[in-house]
Protein chains: 2
Amino acid sequence: MAKSKPSKTASAEEKIKEAARHVFTKKGYAATRTRDIAEEAGINLALLNYYFRSKEKLFGIVMEERMAQFFGLITPIVNDVNSTLDRKIELIVSYYVDMLLQNPDLPLFIMSELRHDSDLFRKFQVQNLIINSHLILQLKEKQPSIHPLHFVVSILGLTIFPFIAKPIIQSTDALNSQMFAAMMEERKKLVPKWAKAMIKVK
Amino acid sequence: MAKSKPSKTASAEEKIKEAARHVFTKKGYAATRTRDIAEEAGINLALLNYYFRSKEKLFGIVMEERMAQFFGLITPIVNDVNSTLDRKIELIVSYYVDMLLQNPDLPLFIMSELRHDSDLFRKFQVQNLIINSHLILQLKEKQPSIHPLHFVVSILGLTIFPFIAKPIIQSTDALNSQMFAAMMEERKKLVPKWAKAMIKVK
DNA sequence: AAATAAATTAATCATTTGATTAATTTATTT
DNA sequence: AAATAAATTAATCAAATGATTAATTTATTT
């Protein structure tokens, strides 16, 4: 027993992509060896280049997927003109907690790689996507004296930061994996409550 | 013009260490080439091994410094039995914002490297250091129905996360470097206010 | 000033690593 | 079934990279 992800029936190409998703996301581009991916995929190293030409190209594919996964979640919520501010906050927190419990390495991966590869978000226009959102309008209306970006960053921070700090939080036996997950579940209700209180403040 | 950090008068050993601090912190261990460090330090590559034996040893030195810098800030504050809860929160936020404005790469560096090198925090006992703190007692007293770790993670998240998400936040012209710094200054007052409101909630 | 130690350099090594090639096997088409 | 294309493999390459060595220069001690 060793492999887990790449199913026996999947094509070699898909096995490589699946292994690449896993290894790149966990270790980052620089620390990843193409041989790691090949081994985890259970295929010959040459097949990686046969199907994807280069490590960089394969990484690009994985990175695009991960960006879409990470930012695709928030886009429809913040731009829904029919939902209330409170509802938007609830959805953001709940969706992210669920997704991050399944993909705990995602935030650190995205942030780390983006810092070195600053072309990638120009493509995704993440910032504009949020700045021009309906959520921003609602925040501005409810609390005109504070820059709405403060609240967006805060809500995302309250939701995502625990997953980034997970290695520290779990560095003792005091908090095992299930307890961490339980706390994140609690935050689905806590963070929206807190956010609403924050917006009222002052 | 190229070099900036390593002064002309500093010893070769110190120039290497200074360059290593910079390069490791910015690019991480895996993406750093010893030649990058040597070049930035303006010394011959062999001197790096002459003084520090190996890339790994040099990294260990830098990492210990950075850990001390990052966690040393919070330790005295959270364990001060004479300060109020509110005062502790104000100090944590204010100190971290100041330090992170000077060292914006620090959080991402620490978190990224810790994930791969899980032995390092066992040494620092970061988690225990916080769990057994006076701050935890004060939080437990003021809000017994919520695990105090929720608040610690939240306060740190509100303070540190903006620096982790900085590459995203600044991905457009909408927010330049000075504006980002200004927002972080604002958060010195905002985050404590918010934290107090959060602790009261429910 | 001579002798010794420390610092510095250029050249080189051994491994690692991304990638390619040529041959072989498997699948698909005619 | 024969011919052709696609997939797979083992072997190998070239460049990058961490590290060492032997020689040279600079500083320190005697």
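Chain letters run A, B, ... following the sequence lines, proteins first and then strands; every chain starts at 1. Just so it is clear, the values below take in all heavy atoms, side chains as well, and ignore hydrogens, waters and symmetry mates.
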For B:I61, all residues meeting side-chain contact (heavy atoms from CB on, under 4.5 Å), sequence neighbours excluded
B:K17, B:F52, B:E65
Measure across B:I77 and B:I92 and return the closest heavy-atom pair with its distance rounded to 0.1 Å.
CG2-CG1, 3.8 Å
Salt-bridge contact B:R21-B:E40 (side-chain N to carboxylate O under 4.0 Å):
no
Just by distance, no angles: are the side chains of A:S83 and A:K88 close enough, under 3.5 Å, to form a donor-acceptor pair?
yes
Inspect the contact between B:D105 and A:R115 and indicate whether a charged nitrogen and a carboxylate oxygen are less than 4.0 angstrom apart.
yes
Flag side-chain contact, heavy atom, 4.5 Å: B:M63 against B:F109
yes
Sequence-distant partners of A:F59, ring-ring contact (aromatic ring centres under 6.0 Å, His included), two or more places apart
A:F24, A:Y29
Indicate for each nucleotide in nucleotides 15-22 of chain C, in 5' to 3' sequence, whether protein heavy atoms under 4.0 Å reach the base (B), only the sugar-phosphate (S), or nothing (-).
--BBBBB-
A:Y51 vs D:dA6: side-chain N/O to OP1/OP2 distance below 4.0 Å:
no
Across the strands shown, which category fits B:F52 at heavy-atom distances under 4.0 angstrom: base, sugar-phosphate, nothing?
nothing
Minimum heavy-atom distance A:F71-B:I168, with the two atoms named
CZ-CD1, 3.5 Å
Start with the C-alpha gap between B:V201 and B:I146, add the side-chain angles, then the distance that decides, and say whether side-chain contact (heavy atoms from CB on, under 4.5 Å) holds.
CA-CA 10 Å; B:V201 162; B:I146 294 178; over 6 Å; no
Contact list please: residues 57-65 of chain B against DNA chain C, heavy atoms, distance less than 4.0 Å, in numerical order.
none
Does the pair A:R87/A:E90 count as a salt bridge with the N-to-O cut at 4.0 Å?
yes
Pairs counted as Watson-Crick or G-U wobble with both distances under 3.5 Å: what dot-bracket string results for DNA chain D, using | for bases tied to another strand?
||||||||||||||||||||||||||||||
Would a 4.5 Å heavy-atom cut-off, applied to side chains only, mark B:M67 and B:E64 as touching?
no
Residues A:K15, A:E18; criterion salt bridge (Lys or Arg N to Asp or Glu O under 4.0 Å); working and verdict
CA-CA 5 Å; A:K15 281 194 279 187; A:E18 185 57 30; over 6 Å; no
I need the CD-P distance between B:E39 and C:dT9, as an integer number of Å.
14 Å
Please report the distance, rounded to the nearest Å, between CD in A:E13 and C1' in D:dA7.
11 Å
For nucleotides 24-26 of chain C, give me every protein contact, N/O to N/O, under 3.5 Å, one pair per line with atom names.
none

Starting from P on C:dA11, measure out to CG on B:L47 and report it in whole angstrom.
16 Å
Starting at OG1 of B:T159, measure out to CZ of A:F161 and round the result to the nearest 0.5 Å.
8.5 Å
